[in-house]
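Since we're looking at a predicted model, the values are computed, not measured.
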Amino acid sequence: MLTNPELKALEEKFDQLQKLYQVACEDNAKLRKLLADEQSANCRLQERVDLAAGRLQKLLDNLSES
């Protein structure tokens, strides 16, 4: 059976674990949002690259026809 000081130490460790879990959950949520934002920005940049590539290809096609 646990003594009173042992129970107190166990409670403190449990409280610490709860706090660490909460911080980890908050960090995880922030990282998920950051990842989503970066993926969105990456998608927009890829669309711009694709558009520029299409324009360059048109220019090259026009040059080769001349």
Side-chain angles (χ1 to χ4, degrees):
M1 181 130 191
L2 295 175
T3 65
N4 199 25
E6 290 173 327
L7 275 176
K8 182 73 173 166
L10 191 57
E11 286 176 353
E12 288 172 4
K13 287 184 180 184
F14 182 75
D15 288 342
Q16 252 184 334
L17 184 60
Q18 278 184 314
K19 288 175 187 171
L20 288 172
Y21 175 77
Q22 187 62 35
V23 168
C25 286
E26 291 167 4
D27 287 348
N28 193 27
K30 289 176 189 174
L31 288 170
R32 285 180 187 270
K33 170 135 180 32
L34 181 60
L35 177 61
D37 292 346
E38 294 300 322
Q39 286 174 331
S40 178
N42 186 42
C43 186
R44 287 190 307 273
L45 289 172
Q46 186 61 50
E47 288 171 355
R48 292 176 67 186
V49 166
D50 292 343
L51 182 62
R55 288 178 179 169
L56 284 173
Q57 188 59 51
K58 265 186 172 177
L59 285 172
L60 289 173
D61 290 345
N62 287 340
L63 284 174
S64 66
E65 290 174 3
S66 299

Review item, side-chain donor-acceptor pairs of residues 52-60, under 3.5 Å, at least two apart:
{"from": "Q57", "atom 1": "NE2", "to": "D61", "atom 2": "OD1", "distance (Å)": "2.9"}

Task: Under the side-chain contact (heavy atoms from CB on, under 4.5 Å) test, residues paired with Q18 that sit two or more places apart - done: F14, D15

TODO: Please list all pairs passing the salt bridge (charged side-chain N to carboxylate O under 4.0 Å, His left out) test where one or both residues lie in residues 29-52, with sequence neighbours left out.
DONE: K33-D37

Task: Polar side-chain atom of E12 near backbone of A9 as donor-acceptor pair, under 3.5 Å - done: no

TODO: Could you tell me the separation between the CD atom of Q16 and the NZ atom of K13, rounded to the nearest 0.5 Å?
DONE: 8.5 Å

TODO: Could you grab the distance from atom NZ of K19 to atom CG of L17, nearest 0.5 Å is fine?
DONE: 11.5 Å

- [ ] Kindly compute the distance separating CD (Q22) from CG (D27), expressed to the nearest 0.5 Å.
- [x] 10.0 Å

